[in-house]
Amino acid sequence: MPATAMQRERRARTEDEDGLPVLRGKYIALDVETTGLDPYHGARLFCWGYYTEEGEWGFMRKTDANLRWVARLFADPSKTIIFHNAKFDLKMLSFEGIDVFNILARVECTLILSKLWNENGQHNLRYLSIRYLNRDPGAKDEVEDWLKKHKRAFVKKHGREPNFSDAPIHVVKRRCIWDVESTLMLYAQLRPRIAQTCKELYETERQLIFVVIDMENHGVRVDVTRAKELRAEALDDLAQIQADLNRIICPLVIERKKKGKGITETLESFNANSSSIQLPAAFKKVGIELRYKTKPKKGRKGSAKTGGGNWSFDEYAMVRYVSKPLASIIRDSGEEGWKTKRFYDEVKKTIKKHKLPAYEILPPLILKYRELSKMVTTYYDHIIENAVDVHKTPAGRDVGILHCNFNQSEAMTGRFSASHPNLQNIPRILGPRECFIPRVGRHNWHLDYAQVEMRMFCHFAQDKKMAAAIDKDIHLAVACEIYEKDEASITKEQRKRAKGVNFGIIYGSGAATMAETLTKKGLHTSKLEAATLVASYHRKFPSVRRITNEFKVRLHRDGYVANPFGRRYHVPTQVGYKLLNYMCQGTSADIMKKAMVECWKWLRAENRKRKKQGKRPLKTRIIKTIHDEIVFETPPIEERLVIPQMMKIMEDLDSFFVPITVDAEVVTKRWSQKKKPQEVGCKWFKAS
DNA sequence: CGTTATTGCCC
DNA sequence: GTACGGGCAATAACGT
């Protein structure tokens with residue numbers, strides 16, 4: 001569409017009761033502009049633009065009448081409303097009192113369409129418009145440019161950072177119209193392609209938008225007081241470690257660069273997080289000879305590798321810089337999550353007992369320091385700073401709600417990602433999980449697909465031997481095969497090794513990495529041993545090689561490989577070994593997504609039914625997802641009805657070479673005390 | 001104030 | 001003959 005035509009505003013023929021345009025177009029691209037990205041901390045929309053296939057377009061500021069116009073648009077089942085990232089816009093509109101969960105118009109999303117068409121690369125509107133529409137970014141960047149240019153002056157004048165709503169309205173308008181025009185054209189290009197390739201998957205993703213908004217708006221409950229207690233504890237420990245470190249290695253002479261010139265400095269306080277400058281200096285000073293270097297990491301999007309070649313101080317290297325007894329202390333403390341005091345006592349005791357050189361205390365202290373500072377900055381601080389609606393409980397504790405951002409279109413395999421804060425990487429053993437608590441009168445039920453990636457692996461390989469073992473103990477069964485022993489004679493360590501091999505195979509590893517990974521987990525394994533295990537594995541499970549090759553053949557033939565839901569993976573042929581993993585991970589992810597939609601829909605349908613029958617609605621909700629796990633919040637009185645129903649929906653979702661089964665655990669007090677249903681006296685619960 | 005490198009947590 | 005998959009986030013260091 002030529003830019004000149006675009007700039008000619010076409011007046012709608014008719015006006016509604018508020019004097020606003022009644023659109024003839026059926027397809028309406030809509031885009032809201034906001035004061036920020038996080039509505040839970042005050043960001044709000046202040047205007048929006050629209051563009052229809054009839055060439056009608058317009059720009060509206062937020063007023064009651066204009067919001068009513070949007071509500072009427074949403075109530076019209078003959079319309080299709082297209083967003084680029086519908087989740088964001090709808091979430092913002094939900095904060096203006098729009099009931100986004102009962103929209104009668106059809107909601108579409110070009111971000112999801114683009115992601116499904118090609119999981120690689122960028123999916124922002126700017127990039128897509130250039131790539132698919134040959135469109136000049138034009139007005140797209142003007143708002144950002146304005147903000148950059150006027151930031152300093154604005155802060156000086158108003159005492160705060162400027163946002164989109166502070167830019168001149170005509171600049172915002174131009175951008176907004178640019179966005180909606182692009183969105184509409186993009187939709188016209190992408191929708192037919194997806195209709196051809198994965199219509200049902202798109203439908204799942206599309207409906208999932210509402211599940212995600214619901215989940216994010218509801219949020220998870222946190223015990224802010226507990227976070228503060230744990231934070232204080234950690235800070236105390238950190239102060240002690242810092243003092244010890246300073247006593248051992250300061251003053252420390254270091255060399256660093258400043259404006260291209262090398263300078264020398266003497267430090268009175270040591271920073272254990274400084275792995276490139278202070279750590280090497282400290283190790284040299286106490287006389288530890290450095291032996292391990294960092295490995296190159298693959299650059300963004302499979303490009304050349306970057307970095308590497310510097311001295312390494314990760315845990316892998318650190319345990320190797322100390323004697324064996326101390327190394328086991330470090331490993332044990334990590335696995336069991338010891339408190340700092342116990343760790344200190346054990347470390348000192350061990351050094352004395354084995355008459356180790358005094359400097360060996362350095363690596364364990366640094367590891368502990370890094371662990372604690374990570375807990376504080378990444379977890380406790382986040383909970384304390386980001387919890388909203390904080391109030392006191394009768395017991396005098398501060399509790400609040402954390403609203404995490406779930407992104408359904410970020411990970412290339414199809415998985416969810418989470419951010420701000422990332423609820424999907426909360427440590428399993430250390431303190432943070434103590435801060436997550438159910439709401440009053442609720443339990444949190446964690447329903448997780450048991451070994452789902454392993455099951456998908458089994459599905460693709462169509463391996464009968466594996467299929468027979470998957471509902472018992474797959475790792476034990478694999479151990480029996482690769483060690484050629486019966487179950488009774490397999491040691492715990494051998495089973496653990498087999499487990500590592502199972503994961504390694506799914507991840508596409510070879511002998512070298514397998515050895516490294518196993519050794520890292522405390523199972524000392526040489527490269528040769530690992531090679532033997534892998535060879536043995538492939539001999540016993542030839543289907544794995546077969547399916548890996550089959551995927552490579554398909555990649556070569558079609559340029560992509562599609563999972564059972566039609567999600568396509570485009571990868572360079574050099575990394576064809578990744579396909580098996582993508583297929584396992586991605587199929588699991590799509591199972592999860594479909595399950596979330598089905599569970600959510602069941603709960604809504606049930607409530608409509610109950611409303612008709614004059615019964616009170618169910619209070620059960622989906623509150624979060626962690627890859628293979630859906631977490632439901634439910635009043636105990638509903639558990640018996642709802643939980644088995646949710647499990648049934650999840651398990652009966654689709655049919656594969658092996659059944660997909662669901663395990664259930666429940667949190668009544670704190671996430672750290674997640675329990676089996678039987679342990680909390682759920683007599684009605686029957687494990688599947 | 002941006003980018004790169006390192007580290008470490010999750011499934 | 002090679003190679004472990006997918007995420008998010010914090011800090012340090014350095015140059016603009």
Side-chain angles (χ1 to χ4, degrees), chain A residues 119 148 151-152 254 256-261 263 271-279 293-300 305-318 334 337 366-367 369-379 381-382 404-407 410-430 432-433 448-449 451-454 457 500-518 520 530 534 548 569 571 574-586 588-589 592 625-629:
Chain A
E119 85 284 2
K148 250 179 222 156
K151 190 175 169 180
R152 249 168 214 282
I254 56 136
R256 62 190 201 92
K257 271 191 193 164
K258 203 169 187 181
K259 297 201 170 148
K261 271 192 248 174
I263 56 165
N271 183 353
N273 285 323
S274 167
S275 30
S276 60
I277 292 188
Q278 299 194 29
L279 277 171
K293 298 225 172 151
T294 59
K295 281 196 189 143
K297 282 178 70 178
K298 62 176 173 193
R300 220 85 186 104
K305 297 190 171 186
T306 57
N310 301 314
W311 293 120
S312 175
F313 298 94
D314 60 8
E315 192 181 321
Y316 178 85
M318 293 294 234
I366 290 166
L367 285 172
Y369 182 95
R370 288 199 304 222
E371 174 193 299
L372 288 168
S373 68
K374 177 149 198 163
M375 292 303 120
V376 171
T377 56
T378 307
Y379 300 108
D381 281 352
H382 242 299
C404 168
N405 186 22
F406 289 94
N407 194 334
E410 184 63 42
M412 60 179 304
T413 55
R415 264 193 184 178
F416 267 100
S417 77
S419 61
H420 304 108
N422 182 357
L423 283 189
Q424 296 187 151
N425 73 343
I426 309 291
R428 293 197 337 250
I429 39 179
L430 303 166
R433 286 196 185 192
D448 75 293
Y449 279 110
Q451 323 239 42
V452 61
E453 286 187 24
M454 206 64 219
F457 181 60
V501 172
N502 275 336
F503 277 102
I505 298 281
I506 290 190
Y507 292 159
S509 4
T513 338
M514 196 87 79
E516 204 171 286
T517 314
L518 289 172
K520 219 174 202 170
V534 173
T548 305
Y569 301 109
V571 298
Q574 303 95 293
V575 292
Y577 70 90
K578 288 183 178 180
L579 285 170
L580 180 60
N581 177 255
Y582 288 0
M583 293 288 272
C584 293
Q585 194 184 114
S588 309
M592 272 294 299
T625 168
I626 310 176
H627 305 308
D628 56 0
E629 174 175 306

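Note: hydrogens, waters and symmetry copies are ignored here, and every other heavy atom, side chains too, is used. Note that the structure is a prediction, hence the values are computed from the model and not measured.
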Measure from the side chain of Asn273(A), starting at C-beta and using heavy atoms only, and say which of dA12(C), dC10(B), dA9(C) lies closest.
dA12(C)

Which residues pass the side-chain contact (heavy atoms from CB on, under 4.5 Å) test with Ser373(A), not counting sequence neighbours?
Leu238(A), Asn273(A), Tyr369(A)

Do the side-chain N or O atoms of Ser274(A) get closer than 4.0 angstrom to the phosphate oxygens (OP1, OP2) of dA13(C)?
yes

Could you work out, with ring-ring contact (aromatic ring centres under 6.0 Å, His included) as the rule, every residue matching Tyr379(A), not counting sequence neighbours?
none

Looking across every strand, which nucleic acid part, if any, lies under 4.0 Å from Tyr582(A) by heavy atom: base, sugar-phosphate, or nothing?
sugar-phosphate

Given the rule in the side chain to side chain contact (heavy atoms under 4.5 Å, CB included) test, do Phe457(A) and Leu580(A) qualify, once you have shown the distances and angles that lead to the verdict?
CA-CA 8 Å; Phe457(A) 181 60; Leu580(A) 180 60; 3.4 Å; yes

Quick one, which residues of residues 369-379 of chain A touch DNA chain C with a heavy atom under 4.0 Å?
Thr377(A), Thr378(A)

Candidates dG6(C), dC11(B), dC8(C) - which lies nearest the side chain of Asn422(A):
dC8(C)

Check this one for me: any side-chain N or O of Tyr449(A) less than 4.0 Å away from OP1 or OP2 of dC11(B)?
no

Whole angstroms only, please: what is the CG-P distance between Asn425(A) and dC10(B)?
8 Å

Closer than 4.0 Å, any side-chain N/O of Ser417(A) to the OP1 or OP2 of dC8(C)?
yes

So what does Ala418(A) hit on the nucleic acid, given a heavy-atom distance under 4.0 Å: a base, only sugar-phosphate, or nothing?
sugar-phosphate

Set out, in order, the CA-CA distance, both residues' side-chain angles and the distance that settles side chain to side chain contact (heavy atoms under 4.5 Å, CB included) for Ile626(A) and Leu423(A), then state yes or no.
CA-CA 8 Å; Ile626(A) 310 176; Leu423(A) 283 189; 5.9 Å; no

Can you name the side-chain hydrogen bond (donor to acceptor under 3.5 Å, both in side chains) partners of Tyr507(A), sequence neighbours left out?
none

Which is true for Leu423(A) with a 4.0 Å heavy-atom rule: it touches a base, it touches only sugar-phosphate, or it touches nothing?
nothing

Counting only side-chain nitrogens and oxygens, does Thr413(A) get under 4.0 Å of the OP1 or OP2 atom of dG5(C)?
no

Mind checking Thr517(A) for me? I need base, sugar-phosphate or nothing, with any heavy atom below 4.0 Å counting as a touch.
base

Does Arg256(A) put a side-chain nitrogen or oxygen below 4.0 Å from OP1 or OP2 of dC14(C)?
yes

What is the nucleic acid contact for Met514(A), judged by heavy atoms within less than 4.0 Å: base, sugar-phosphate only, or nothing?
nothing

Please identify each residue that fulfils ring-ring contact (aromatic ring centres under 6.0 Å, His included) with Tyr449(A), with sequence neighbours left out.
none

Does the side chain of Thr413(A) pick up a donor-acceptor pair with the side chain of Gln585(A) at under 3.5 Å?
yes

Anything under 30° is parallel, anything over 60° is perpendicular, the rest tilted; go ahead and classify Tyr582(A) against Tyr569(A).
tilted

Round to a whole Å and report the spacing from CG of Asn581(A) to C1' of dG5(C).
3 Å

Side chain of Asp314(A) - closest among dA3(C), dT6(B), dG8(B):
dG8(B)

Can you tell me which residue pairs pass the salt bridge (Lys or Arg N to Asp or Glu O under 4.0 Å) test with a partner in residues 414-429 of chain A, sequence neighbours excluded?
Arg415(A)-Glu453(A)

What is the distance, rounded to the nearest whole Å, between atom CD1 of Ile366(A) and atom P of dA12(C)?
14 Å

Between Asn271(A) (CG) and dA12(C) (P), how many Å, whole number?
5 Å

Classify the nucleic acid contact of Glu315(A) as base, sugar-phosphate or nothing, counting any heavy atom under 4.0 Å across all strands shown.
sugar-phosphate

If I take atom CG in residue Asn407(A) and atom P in nucleotide dC8(C), what distance separates them, rounded to the nearest angstrom?
7 Å

How many whole angstroms separate atom NE2 of His382(A) from atom C1' of dT11(C)?
14 Å

Closest nucleotide among dG7(C), dT6(B), dG5(C) to the Ala411(A) side chain:
dG7(C)

Considering every strand and a 4.0 Å limit on heavy-atom distances, what is the contact class for Ile426(A): base, sugar-phosphate, or nothing?
sugar-phosphate

Nearest to side-chain heavy atoms of Met412(A), which nucleotide of dG6(C), dC9(B), dG8(B)
dG6(C)

Counting distance alone, no hydrogens or angles: does the base of dG7(C) have a donor or acceptor under 3.5 Å from a partner atom on the side chain of Gln424(A)?
no

Remember a base hit wins even if backbone is also touched, and classify Phe503(A) as base, sugar-phosphate or nothing at under 4.0 Å, heavy atoms.
nothing

Taking atom C1' of dG5(C) as reference, at what distance in whole Å does atom CG of Asn502(A) sit?
15 Å

Distance in angstrom units between Trp311(A) CH2 and dA13(C) P, rounded:
18 Å

Is the phosphate of dG5(C) approached by Arg415(A) (side-chain N or O, under 4.0 Å from OP1 or OP2)?
no

